[in-house]
Structure formats: C-alpha cells, structure tokens
Colleague: 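One structure is given below, represented as structure tokens, and several questions about it will come after.
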Amino acid sequence: MDRTCGRRLEWPGPALAVACCLLLLSTQRALSEPGYQLLQLDGQYVKWGAPVLGTGARIRYAIVDRPMQFAGAINCPAMGPLQSLLEKSGIALAQFRNEVVAAAELWQAAADLTFEPAEDPSAADILIGAQTGPTGWAFANVFHDRAAEGETARIEKSLICLNPEKPWKIGFGGNAFAYDVRYTIAHEFGHAIGLNHAGPEGQVMSFKYGEEFRVLQPGDLKGAVALYGRPGHPPSAASTVPAAQKPEMGLR
C-alpha cells in the first residue's frame with residue numbers, strides 16, 4: 001500500500017493532489033481528529049511494533065546504497081542511491097543524513113518511538129532513496145501485515161523515494177521551487193509510521209508544503225501519541241479509537 005508527497009504548490013497524484021505527501025492506497029480509511037488523521041489500510045489502522053494503538057515501537061531506517069526493487073509497490077517500485085539528486089542540488093551526503101536524523105528525532109521526541117540508523121538497507125524497516133522512474137516530488141509506500149486480524153495491523157516495511165530531477169535544499173528560503181529535505185522527510189516519516197494527511201495546511205502532515213514551521217505541530221504530536229503513546233509512558237486513552245470517528249476517505 002502506498003502514498004506520496006509534494007509541496008505548497010501541491011503534489012501530484014492519482015486521486016488527490018497533495019503538497020507534501022500524496023496517498024495512493026487501494027482501500028483506505030482514516031480516523032479524523034483535530035489536527036491529525038490515522039492511516040487505515042484495508043480497514044485497519046497500521047503501526048510499527050505491537051498491533052495495539054498507543055504502544056511504542058523501535059524503527060530502523062537506512063538510505064539506499066544500491067538499486068532495489070519492491071514488488072507490489074505502487075509509488076516506490078524501484079529506488080536507487082541519492083547521488084544524482086545530491087549532485088544536482090549541491091547537497092553533500094553527510095548533510096542529507098543529518099537532515100534525515102533531525103526529521104527522525106522530531107517523531108522520536110513526540111511519542112514512544114525509537115529511530116535507529118541501519119548501515120545495511122536490507123536490515124532496515126524504512127528505506128529512503130531516489131526514484132528510478134522520476135515523477136512528482138516525493139512518495140512513500142506502506143506495506144502492512146495483510147493476515148492480521150483486529151483493529152490494527154503491523155507495518156512490515158515503508159519506503160520513501162524522492163525525485164532526483166527536482167531541486168532540493170536544506171532549510172527554508174532561497175529557491176522557492178525547491179523543497180526542504182528535513183520538512184519533506186519528516187512528512188514522509190509521518191506516513192511511514194501510520195499517519196494520513198491532516199487537511200490542507202497547519203501541520204507537517206498537511207498535504208500542502210509550506211515554510212511557516214519546521215517542527216511538528218499540535219496535530220502531528222497528537223497523531224503520533226495516538227499511534228505510539230507518550231514518550232516513556234504506558235498506553236493511555238489515546239489507544240482507544242471511538243467507532244464514530246472512522247469516516248471513509250475518497251482516495252484510491
């Protein structure tokens with residue numbers, strides 16, 4: 001199952017144009033709450049770790065260092081190293097890695113989540129790379145356990161792929177047509193851990209790219225806690241999802 005991302009122009013996509021991340025899922029619903037929505041695939045919420053909302057998880061991520069293919073992925077079916085993207089945008093790999101770490105730390109500080117870099121991409125839960133067939137701006141695929149029963153299913157793998165032909169930058173300002181790496185990766189990480197879009201603007205998980213803030217907003221924080229609980233705390237009422245708050249989403 002999959003998704004995508006773009007910017008405050010709006011990111012292109014099959015059923016919905018979005019700015020930071022466009023969602024492409026066969027069957028999906030989302031939980032609506034003030035400022036956030038939880039992703040559902042095939043009628044189930046999805047998260048890392050135990051398939052229980054409000055419980056923590058440990059996630060390993062890596063930057064792709066070789067061509068890789070992913071059968072069944074709608075958005076990131078093939079990815080490769082970021083060399084071309086970095087060279088065109090004048091960004092060093094070390095700088096890019098630092099931005100990925102900073103984006104991961106935003107989510108790690110928000111909920112009971114631990115992000116760890118993995119040297120070997122084959123051992124990572126979330127992979128970040130360049131699109132082999134460039135399109136749009138940035139996309140994310142989320143694969144979940146299709147055999148799971150109950151309200152929540154475990155995420156098995158997430159992919160984040162960036163268009164190497166688009167301009168990228170570090171920080172806000174400067175080229176108005178380039179996307180900030182940290183903001184984009186933070187948004188895509190949000191999808192990769194189980195969050196849907198949170199409306200057009202106002203949150204990092206909103207579907208329009210903007211440069212008003214570079215940290216998670218109240219809705220983003222609430223969504224992270226709903227999925228994984230508060231940092232260092234046991235599950236709370238956030239793990240209980242009222243049935244009345246499960247509207248259908250008109251996405252494909």
Side-chain angles (χ1 to χ4, degrees), residues 2-7 11 19-21 48 57-68 70 73 75-76 79-111 113-132 134 136-142 155 157-172 174 178-195 203-205 209 211 213-217 220-221 224 227-228 231:
D2 327 276
R3 352 169 168 231
T4 56
C5 240
R7 101 183 231 114
W11 325 46
C20 203
C21 198
W48 292 99
R58 185 178 301 272
I59 302 171
R60 297 164 299 174
Y61 65 90
I63 294 175
V64 171
D65 61 1
R66 54 187 177 274
M68 303 181 78
F70 305 92
N75 286 319
C76 303
M79 294 193 294
L82 292 162
Q83 182 177 357
S84 175
L85 179 154
L86 298 176
E87 290 179 349
K88 289 182 179 179
S89 295
I91 300 173
L93 179 57
Q95 291 178 300
F96 186 91
R97 288 184 183 278
N98 288 340
E99 295 305 299
V100 171
V101 170
E105 289 178 342
L106 292 175
W107 293 107
Q108 182 168 273
L113 276 172
T114 299
F115 279 83
E116 299 176 342
E119 292 299 323
D120 182 1
S122 64
D125 300 309
I126 300 176
L127 292 173
I128 303 167
Q131 299 172 2
T132 296
W137 281 88
F139 298 82
N141 287 337
V142 175
I155 297 176
K157 178 76 72 176
S158 289
L159 314 173
I160 294 174
C161 54
L162 310 182
N163 188 334
E165 296 184 352
K166 296 292 186 180
W168 296 90
K169 63 185 179 183
I170 293 179
F172 290 165
Y179 286 19
D180 173 39
V181 171
R182 184 183 306 182
Y183 187 99
T184 301
I185 295 297
H187 178 100
E188 298 296 353
F189 267 149
H191 287 312
I193 65 173
L195 289 171
Q203 313 295 326
V204 167
M205 292 311 299
Y209 172 91
E211 299 192 352
F213 45 80
R214 209 167 179 234
V215 297
L216 300 185
Q217 300 301 294
D220 302 315
L221 300 174
L227 285 170
Y228 299 100

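Since this is a predicted model, take the numbers as computed values, not measurements.
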Colleague: Got L86 and W168 here, is their nearest side-chain heavy-atom distance under 4.5 Å?
Modeller: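 L86 does not reach W168 side chain to side chain.
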Colleague: Return the NE2 to CD1 distance between H191 and I126, rounded to the nearest 0.5 Å.
Modeller: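 Rounded to the nearest 0.5 Å, the NE2-CD1 separation comes to 12.5 Å.
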Colleague: Just how far is it from atom CH2 of W48 to atom CG of L227, taken to the nearest 0.5 Å?
Modeller: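 Nearest 0.5 Å value for the CH2-CG distance: 13.0 Å.
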Colleague: So, the side chain of Q217 versus the backbone of V215: is there a donor-acceptor pair under 3.5 Å, distance only?
Modeller: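 Side chain of Q217 to backbone of V215: a pair is present.
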Colleague: Shortest non-hydrogen contact from K88 to P164?
Modeller: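 So the minimum-distance heavy-atom pair works out to CD-O, 3.5 Å.
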Colleague: Quick one: are L127 and F70 in side-chain contact, heavy atoms under 4.5 Å?
Modeller: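 With C-beta onward as the side chain, the pair touches.
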Colleague: State, to 0.1 Å, how close P121 and A62 come at their nearest heavy-atom pair, and which atoms those are.
Modeller: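 In terms of heavy atoms, the two residues are closest at CA-CB, 3.8 Å.
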Colleague: Any idea which heavy atoms bring M79 and I160 closest together, and the distance?
Modeller: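 Of all heavy-atom pairs spanning M79 and I160, the closest is SD-O, 3.4 Å.
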Colleague: Look at atom CD of E116 and say whether more than 12 heavy atoms of other residues, nucleotides or ligands are closer to it than 6.0 Å.
Modeller: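 Yes, because the 6.0 Å sphere around CD of E116 holds more than 12 heavy atoms from other groups.
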Colleague: Considering only heavy atoms from C-beta outward, does the side chain of Y228 approach that of W107 to under 4.5 Å?
Modeller: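 No, side chains not in contact.
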Colleague: Closer than 3.5 angstrom, by distance alone: can the side chain of R182 be matched with the main-chain N or O of R214 as a donor-acceptor pair?
Modeller: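 Checking the backbone N and O of R214 against the side chain of R182, no donor-acceptor pair under 3.5 Å is found.
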Colleague: Distance check, rounded to the nearest 0.5 Å: L82 atom CG versus E87 atom CD?
Modeller: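 If we round to the nearest 0.5 Å, L82:CG and E87:CD are 11.0 Å apart.
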Colleague: Go through it in stages, so that I can follow the logic: the residues are I170 and I91, the test is side-chain contact (heavy atoms from CB on, under 4.5 Å), and I'd like the CA-CA distance, side-chain angles, deciding distance and then a yes or no.
Modeller: CA-CA 8 Å; I170 293 179; I91 300 173; 3.8 Å; yes
Colleague: Can you tell me how far the CE atom of M68 sits from the SG atom of C161, to the nearest 0.5 Å?
Modeller: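 One finds 13.0 Å between CE of M68 and SG of C161.
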Colleague: If I take atom CD1 from residue I128 and atom CD1 from residue I185, how far apart are they, to the nearest 0.5 angstrom?
Modeller: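 If I round to the nearest 0.5 Å, the distance is 5.0 Å.
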Colleague: Taking the side chain as every heavy atom from C-beta outward, state whether H187 and M205 have any pair of such atoms under 4.5 Å apart.
Modeller: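 SC-SC contact between H187 and M205 confirmed.
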Colleague: So, does K157 use its side chain to make a donor-acceptor pair with the main chain of A124 at under 3.5 Å?
Modeller: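 Yes, because the side chain of K157 sits within donor-acceptor range (under 3.5 Å) of the backbone of A124.
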Colleague: Of all the heavy-atom pairs spanning A224 and A110, show the shortest one and how long it is.
Modeller: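 It is CB-CB, 4.1 Å.
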Colleague: When the ring planes of Y61 and F189 are compared, do they come out parallel, tilted or perpendicular, using 30° and 60° as the limits?
Modeller: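 If you compare the ring of Y61 with that of F189, the planes turn out perpendicular.
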Colleague: Are any of the side-chain heavy atoms of D220 and L195 separated by less than 4.5 Å?
Modeller: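 SC-SC contact between D220 and L195 ruled out.
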Colleague: Check whether any side-chain N or O of D180 sits under 3.5 Å from a backbone N or O of F172 as a donor-acceptor pair, and report yes or no.
Modeller: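 A pair under 3.5 Å: no.
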Colleague: Could you tell me whether the side chain of V142 reaches within less than 4.5 Å of the side chain of I155, counting heavy atoms only?
Modeller: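 Of all side-chain heavy-atom pairs linking V142 with I155, at least one is under 4.5 Å.
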Colleague: Search all heavy atoms of A103 against all heavy atoms of A186 and return the closest pair with its distance.
Modeller: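 Reported closest heavy-atom pair: CB-N, 3.7 Å.
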Colleague: To the nearest 0.5 Å, what is the distance between CG on L113 and CD on Q108?
Modeller: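 Interatomic distance, L113 CG to Q108 CD, rounded to 0.5 Å: 7.5 Å.
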Colleague: Does some side-chain heavy atom of V101 sit less than 4.5 Å from a side-chain heavy atom of F115?
Modeller: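 The answer is no, as the side chains (C-beta and beyond) never meet within the 4.5 Å cut-off.
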Colleague: F96 versus I63: any side-chain heavy-atom pair under 4.5 Å?
Modeller: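 In contact.
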Colleague: For a quick test of reading the model, state the closest non-hydrogen atom pair linking K166 to G136 and the distance between them.
Modeller: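 Closest approach of K166 to G136: CE-O, 3.3 Å.
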